[in-house]
Amino acid sequence: MEAAATPARSAARARAASRDPSGALSRPPMADAATPARSAARARAASHDPSGTLSQTPLAAAAAPARSAAPSSQPVRVVLRVRPFLPSEATSATGPCVSVLGSHPGGEVTVQLKDQHTSRTEHYMLDAFFGQEDDINQIFDREVSTLIPGIFEGINATIFAYGATGSGKTYTIQGTEDFPGLIPLAASTVLALCTGTWCSMEISYYEVYMERCYDLLEPKAKEVLALDDKDGNIQLKGLSWVPVRSMEEFQELYSIGVQRRKVAHTRLNAISSRSHAVLSLQVSADVMKGKLNLIDLAGSEDNRRIFNEGIRLQESAKINQSLFALSNVISALNKNELRIPYRESKLTRILQDSLGGSSRAVMIACLNPAEYHESVNTVSLAARSRHIENFTSTARKQETPKVKVDMEAKLRSWLESKGKTKSIQRMDGLFSPIASKTPLSMSHMKQPASSRISCRAKAMDQDGGKVKKILFDPEVNVPTENVPREHMQNEVNTPKKAVLPSVTLCNEKHEASLRKALSPISSNRAPVNQQISDNGNCAVLLEPQTPIETSKVENIPGATPLDKFNALGSNLKDALVQQYLDLLNVANKEELQQLKGIGARRAEYILELREETPRPFKTLADLENIGLSSKQIQDIMRKTASGIFK
Ligand SMILES: Nc1ncnc2c1ncn2[C@@H]1O[C@H](COP(=O)(O)OP(=O)(O)OP(=O)(O)O)[C@@H](O)[C@H]1O
């Protein structure tokens, strides 16, 4: 039900657009408007096909031999771009807070974020890194041009620029007069590929502001409605699609749209985008259509830092909420989940046909090199989207984490948007009662996994001790010498509220756990043994604790039958874990694929790891290397154990 773009109507609209007097302001860059040769060369580069595969469809013919290999096997690639220091930042900065540590066989990179003031570091694995010296053409060539042939075959693609305010998203997507961004580069490439074929290009340009969608090309913009058609596909009612035949036409339309976009002056950026802006380039031939969405997301904001008020605060809350929803969708796609939460925000609902399925997407996480905390927030959310949550860092512990996680900021924003000021005040206690009042997804994230497991174990103990279920609970085997029996008894029987003091004791570790829910690698994590001895009250997630040997328990004066039974469970657990690890160390690909929790990709990766190190899996913690989170490991072990009793 998209507005029909008849040639006459579109031409009139284009003419009207080109007459818009506001066209004098902030004219966006136009790639290759004056250099068709360069454009054609870029199009040729985009259509280069090493395999020489030819397609029969008219769309494919335009792009053929254009089938370039998709840059990644996962639905959404997540890459980093670090902008240069601005003149105002250069004097105070000692160096960029982010750098590449190394690259992996699959092309992924490990990046390090370092706080220059405290020397705190964090490490993350992502699909690619573009540093301060890399220009936009490199990003275009590696991440965007490879997707363009696909749209000629009806395969939609989406590029997002994500990041904090002022991190360079607009610069990347839109660019400047001198340095055109991804939009003009993509438009000129698509136009060049259409030339001399039956294919045509039309564009739409809209923004999502405060959960409402507005057409940026239509002068009398009304709200665009996102409606489901009879087949369940999303249709944007009222959105105009305008045919574009040259870069001049494109320039005129796009300039008008850019000026209509909602921007504001904020403390961090003089021209800060307050909406998500989506430029769609649609290629059609006969009935087949394919589109490329290029999205300049509004900047994520920490309102405690920016001191937004009034409408800026409301905007910011909506922005943060929708970015979180986007990250949930990307994460669910990359985890191959059955249910993708598209309906959590307007943006994800609108993009439903371009995210998931056969569509490809790239999230470009933009970073300001002078802002460590902000960068950590951006990269942790990006890495969470990519869903490589637990990656073992070889780096040593630098110092205790002191950074608040961005989940807290997000929760705070959500509460602000609901006017829950009292709840915000209560947030200072990490496990305040508000956690249970947050939306399900957030409360789940808010509570550290260790705490969730710990609470469950306590509940089960109170419940009479369901041994099978607690078989893999990390707390079960905390050495008894570190936790006096009376203490354990107290914890087990203490009502939830009274647990708070002991939680507070491990506050910093819980923060680390929270961060872990978001970030793949933390070099600041203390070795597991140290965590236990430092603080016997902290649950340890991954390391299989030394089981209490049955014979030793028998020698302990006063050991009860229950103690002996629990010790037996510990030994069983240890044996099962060892068997599982051994299998990962020796099984062939087919066998690996049959194991719970190991799909085809992980099986391949395990084989690669084994080429580098003969027996890479010695403890459960080593499973982090293959991207399994602590929760996934717990689940796998639990399912494996429950299989025994079938
Ligand atoms: N790669 C780059 N090279 C040079 N300058 C850059 C680069 N990236 C960004 N900048 C400059 O940094 C400033 C902020 O960039 P930009 O407006 O693109 O940020 P943003 O992330 O879109 O912010 P917001 O979310 O507030 O809209 C601008 O002055 C821009 O010119």
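We count ligands from 1, going down the list as the structure has it; atoms in each ligand are counted the same way. Heavy atoms only: backbone and side chains are in, while hydrogens, waters and symmetry mates are out.
For the residues Gly166, Ser275, Ala298, the heavy atom positioned nearest atom 23 (O) of ligand 1 is part of Gly166. Closest heavy-atom approach to atom 3 (N) of ligand 1 within the set Gly163, Pro84, Ser167: this belongs to Pro84.
The ligand atoms of ligand 1 that sit less than 4.0 angstrom from a heavy atom of Gly299 are 25 (O). Every atom of ligand 1 with a heavy atom of Leu86 under 4.0 Å away is listed here by number and element: 11 (C), 12 (O), 13 (C). The distance from ligand 1 to the heavy atoms of Ala164 drops below 4.0 Å at these ligand atoms: 21 (O). Every atom of ligand 1 is numbered from 1 in the order shown, and the set under 4.0 Å from a heavy atom of Lys169 is 18 (O), 19 (O), 20 (P), 21 (O), 22 (O), 23 (O), 24 (P), 25 (O). Interface of Arg83 with ligand 1, defined as ligand atoms under 4.0 Å from a residue heavy atom, comprises 7 (C), 8 (N), 9 (C), 10 (N), 12 (O). Atoms of ligand 1 found under 4.0 Å from any heavy atom of Gly168 (numbered from 1 in listed order, with element): 8 (N), 9 (C), 15 (O), 16 (P), 18 (O), 19 (O), 20 (P), 21 (O).
Exactly one of Val283, Ile159, Ile183, Leu182 qualifies for a side chain to side chain contact (heavy atoms under 4.5 Å, CB included) with Leu292. That residue is Ile159.
Using a non-hydrogen distance threshold of 4.0 Å, Arg81 registers as a contact of ligand 1.
Here the straight-line distance linking atom CD of Glu143 with atom CZ of Arg81 works out to 12.0 Å at 0.5 Å rounding. Within the model, atoms CD1 of Ile295 and CG of Leu351 stand 4.0 Å from one another, a figure rounded to the nearest 0.5 Å.
Side-chain contact check for Leu297 versus His276: some heavy-atom pair is nearer than 4.5 Å.
By the criterion of a heavy-atom distance under 4.0 Å, neither the backbone nor the side chain of Ala161 is placed next to ligand 1.
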Between Glu89 and Arg83, is the salt bridge (charged side-chain N to carboxylate O under 4.0 Å, His left out) condition met? List the steps.
CA-CA 12 Å; Glu89 297 160 343; Arg83 71 158 166 79; 2.8 Å; yes
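In this structure, a donor-acceptor pair under 3.5 Å is present between the side chains of Ser345 and Thr348. Between Asn293 and Thr158, the side chains place a donor N or O and an acceptor N or O closer than 3.5 Å (distance only, hydrogens not considered).
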